[in-house]
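Here's the structure, in structure tokens; my notes come after.
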Amino acid sequence: MTVPVALSIAGSDPSGSSGIQADLPTFAALGVHGTSVITVVTAQDSTGVKGFHELPLELVAAQLDHLLADLPPAATKTGLLRSAAVVDLVTEPAGAGDLGALVLDPVLVDSAGRTIVAPAAIDGYRRLAAAAAVFTPNRWEAELLTGHRFTDDDHDAAAEALLAMTGGLVVVTGGRGEGPEVTDWVISAGGRVALTAPRVGREAIRGTGCTFSAALAALLARGVPAAAAAEQAHGFVRSQLALTSRLRLGSGRPGVPHALDAAVEPARSRE
């Protein structure tokens with residue numbers, strides 16, 4: 001019996017809402033074996049990120065080399081790479097096809113909209129996008145990468161610029177906007193599709209982008225075509241957000257309670 005392998009190259013979040021700790025349970029929930037390369041160790045809790053410690057490039061490279069030799073992934077997602085050197089490190093195997101179907105989630109800004117990577121890393125992401133099967137910036141990141149506004153009513157220039165960076169599908173996630181609904185835009189050479197759902201809660205929810213890109217990678221690893229995988233990943237995130245409205249973990253902003261459906265319902269039935 002074989003199980004598809006999905007790889008996450010990302011940072012570690014000790015609060016469990018994002019990064020590697022979000023990706024691995026998402027992979028498991030969608031039926032793939034998850035592996036990981038940790039690039040950055042963070043200090044954070046439910047109120048936000050308190051600090052970063054970038055792992056030495058040699059250690060990041062060793063993690064990646066050993067995994068690719070022993071557990072080659074059918075799909076890979078990237079999260080927080082932080083430095084231009086790590087982006088370049090990932091670009092080589094991505095361009096060679098060694099990462100399988102690549103979901104490029106460019107973690108460039110924090111929840112307040114502040115840029116958290118060096119300008120050289122942003123340039124590196126533009127190059128890495130050429131190898132992506134699916135490119136998943138949020139709206140702030142789309143604007144940072146392209147220099148063009150991206151709103152529901154004004155996104156033509158940004159969409160064209162993003163498509164020019166990659167030969168794959170582009171999904172611009174919209175969870176950090178305003179209003180009663182959230183729209184993810186699925187953009188391809190054939191047109192644009194809006195995936196819209198009601199907004200959950202008043203606060204920005206931590207980990208939605210990580211969960212979405214991890215779900216995409218898992219579905220691609222299972223052979224689901226990119227456009228269908230984007231729609232199914234959108235639905236998976238919505239199912240997890242439905243739990244967020246019932247659970248509260250920590251004293252800060254809510255996070256996505258990853259893949260808890262099976263665990264929460266039996267517990268509720270015993271109350």
Side-chain angles (χ1 to χ4, degrees), residues 6-28 34-71 73 76-94 99 102-129 136-138 140-141 144-145 176 204-214 217 249-258:
L7 168 63
S8 171
I9 307 175
S12 173
D13 172 6
S15 78
S17 290
S18 62
I20 296 292
Q21 285 88 337
D23 297 341
L24 294 181
T26 299
F27 290 161
T35 59
S36 64
V37 169
I38 298 175
T39 59
V40 179
V41 176
T42 67
Q44 61 180 297
D45 56 25
S46 64
T47 66
V49 180
K50 313 301 182 182
F52 298 91
H53 175 71
E54 297 178 33
L55 295 187
L57 184 64
E58 295 78 8
L59 181 56
V60 178
Q63 293 177 76
L64 183 59
D65 289 345
H66 287 297
L67 281 176
L68 294 184
D70 186 51
L71 291 161
T76 296
K77 68 144 289 186
T78 65
L80 180 58
L81 304 182
R82 195 99 201 278
S83 72
V86 174
V87 176
D88 290 344
L89 177 71
V90 173
T91 299
E92 182 177 352
L99 301 182
L102 175 63
V103 177
L104 179 57
D105 183 7
V107 181
L108 307 179
V109 298
D110 65 14
S111 58
R114 296 170 298 209
T115 304
I116 59 173
V117 297
I122 297 172
D123 289 338
Y125 270 110
R126 295 186 181 108
R127 295 189 295 271
L128 180 54
T136 67
N138 63 35
W140 290 343
E141 291 158 347
L144 184 61
L145 287 160
R176 290 176 176 171
I205 296 173
R206 304 172 67 238
T208 53
C210 297
T211 304
F212 177 74
S213 58
L249 299 171
S251 59
R253 292 182 296 117
V256 180
H258 304 290

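One is the number of the first residue; the rest follow in order along the sequence.
Considering Leu102, Thr35, Leu71 in turn, Thr35 is the only one that fulfils the side chain to side chain contact (heavy atoms under 4.5 Å, CB included) rule with Leu7. Each of Leu67, Ile38, Thr39, Asp105 was compared with Ile9 under the side chain to side chain contact (heavy atoms under 4.5 Å, CB included) criterion, and only Thr39 meets it.
Residues Thr76 and Ser8 have side chains not in contact (no heavy-atom distance under 4.5 Å, counting atoms from C-beta outward). Taking the side chain as every heavy atom from C-beta outward, Gln63 and Leu59 approach each other to under 4.5 Å. Looking only at side-chain heavy atoms (C-beta outward), Glu92 and Val90 stay at 4.5 Å or farther from each other.
Residues Lys77 and Ser213 have side chains that bring a donor and an acceptor to within less than 3.5 angstrom of each other.
Distance alone, capped at 3.5 Å, places no donor-acceptor pair between the Thr42 side chain and the Phe52 backbone. Within the 3.5 Å criterion, the main-chain N or O of Asn138 finds a donor-acceptor partner in the side chain of Glu141. The backbone N or O of Val40 lies less than 3.5 Å from no partner atom in the side chain of Arg82, so there is not a single donor-acceptor pair. In terms of modelled atom types and a separation under 3.5 Å, the side chain of Ser18 and the main chain of Cys210 share no donor-acceptor contact.
Note: Leu81 CG to Leu128 CG = 7.5 Å, rounded to the nearest 0.5 Å. Distance check: Asp13 CG to Gln44 CD gives 3.5 Å after rounding to the nearest 0.5 Å. In this structure, Leu108 CG and Trp140 CH2 are separated by 12.5 Å, a value rounded to the nearest 0.5 Å.
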